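Input: a single structure, listed below in structure tokens.
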Amino acid sequence: MTYVVAEPCIGTKDRSCVEVCPVDCFYDYASEDLNKKVEKEPAMAGDHGMLVIHPDECIHCGACEPECPVEAIFEDDDVPEQWTEYTELNATISEGYSDEELDANRVTSKG
Ligand code: SF4
Ligand code: SF4
């Protein structure tokens with residue numbers, strides 16, 4: 001079981017979620033293609049893409065879900081039908097990062 005970041009993060013990406021995550025399992029996926037796909041510009045110039053949650057690191061505490069201003073975070077069993085592809089995307093991107101890439105893309109409240 002894990003939580004998943006879905007489409008509304010794209011174009012928002014304000015990182016409120018990372019402030020409360022006790023295990024720092026959010027990672028940056030800085031994909032310009034995602035913004036093109038949903039036709040949304042980044043809220044902060046140049047800050048393309050979205051955050052993803054590493055499914056093997058998430059402890060399923062639920063702390064992040066109410067913090068997201070655009071309701072982009074769901075339990076994996078509860079992802080709305082139109083966004084189910086994001087469950088796989090969170091896993092594929094985070095599990096595909098090498099150790100160096102994980103370190104480089106980890107997003108924490110410490111910076
Ligand atoms: S709080 Fe929501 S919109 Fe902001 S970075 Fe986290 S998942 Fe994305
Ligand atoms: S459910 Fe808890 S551990 Fe998982 S991403 Fe959210 S805050 Fe982090």
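When a ligand or atom number is given, it counts from 1 through the structure's own listing order. Predicted, not measured: the structure shown is a model, and the values here were computed from it.
Scanning all protein heavy atoms for the shortest distance to atom 5 (S) of ligand 1 gives R15 N, 3.1 Å. Atom 6 (Fe) of ligand 1 has as its closest protein heavy atom C17 SG, 2.3 Å. For atom 2 (Fe) of ligand 1, the closest non-hydrogen atom of the protein is C68 SG, 2.3 Å.
Ligand 1 places these atoms under 4.0 Å from at least one heavy atom of T12: 3 (S). Shown in contact with C9 at under 4.0 Å from a heavy atom are these atoms of ligand 1, numbered in order with element: 3 (S), 5 (S), 7 (S), 8 (Fe). Counting the atoms of ligand 2 from 1 in the order shown, those under 4.0 Å from a heavy atom of G62 are 1 (S), 2 (Fe). Distances below 4.0 Å separate heavy atoms of L51 from the following atoms of ligand 1: 5 (S). Every atom of ligand 1 is numbered from 1 in the order shown, and the set under 4.0 Å from a heavy atom of V70 is 3 (S). With ligand atoms numbered from 1 in the order given, ligand 1 contributes 1 (S) to contacts under 4.0 Å with heavy atoms of S16. Each of the following atoms of ligand 2 lies closer than 4.0 Å to a heavy atom of Y3: 1 (S). Listed by number with element, the atoms of ligand 2 under 4.0 Å from a non-hydrogen atom of C64 are 1 (S), 5 (S), 6 (Fe), 7 (S). Within ligand 2, counting atoms from 1 as listed, the ones closer than 4.0 Å to a heavy atom of F26 are 5 (S). Per-residue contacts place V23 under 4.0 angstrom from the following atoms of ligand 2 (heavy atoms of the residue considered): 3 (S). Which parts of ligand 2 touch C25 is read off a 4.0 Å heavy-atom cut-off, strictly below it: atoms 5 (S), 8 (Fe).
By the criterion of a heavy-atom distance under 4.0 Å, both the backbone and the side chain of I59 are placed next to ligand 2. Residue-level proximity to ligand 1 for I73 is carried by the side chain, the only part with a heavy atom below 4.0 angstrom. By the criterion of a heavy-atom distance under 4.0 Å, the side chain of P69, and not its backbone, is placed next to ligand 1.
Of the candidates V5, D14, V4, it is D14 that places a heavy atom closest to atom 4 (Fe) of ligand 1.
Using a 4.0 Å cut-off between charged side-chain N and carboxylate O, R106 and D24 make no salt bridge.
More than 12 heavy atoms of other residues, nucleotides or ligands sit less than 6.0 Å from atom CD of E101.
Residues V5 and N90 share a closest heavy-atom pair of O-ND2, 2.8 Å. In terms of heavy-atom proximity, K13 sits nearest to Y29 at NZ-O, 4.5 Å.
Backbone or side-chain N, O or S atoms of C21 reach atom 8 (Fe) of ligand 2 at under 2.8 Å. Atom 4 (Fe) of ligand 2 has an N, O or S atom of C58 closer than 2.8 Å.
Checked by atom type, the side-chain pair D14/T12 shows no donor-acceptor distance below 3.5 Å.
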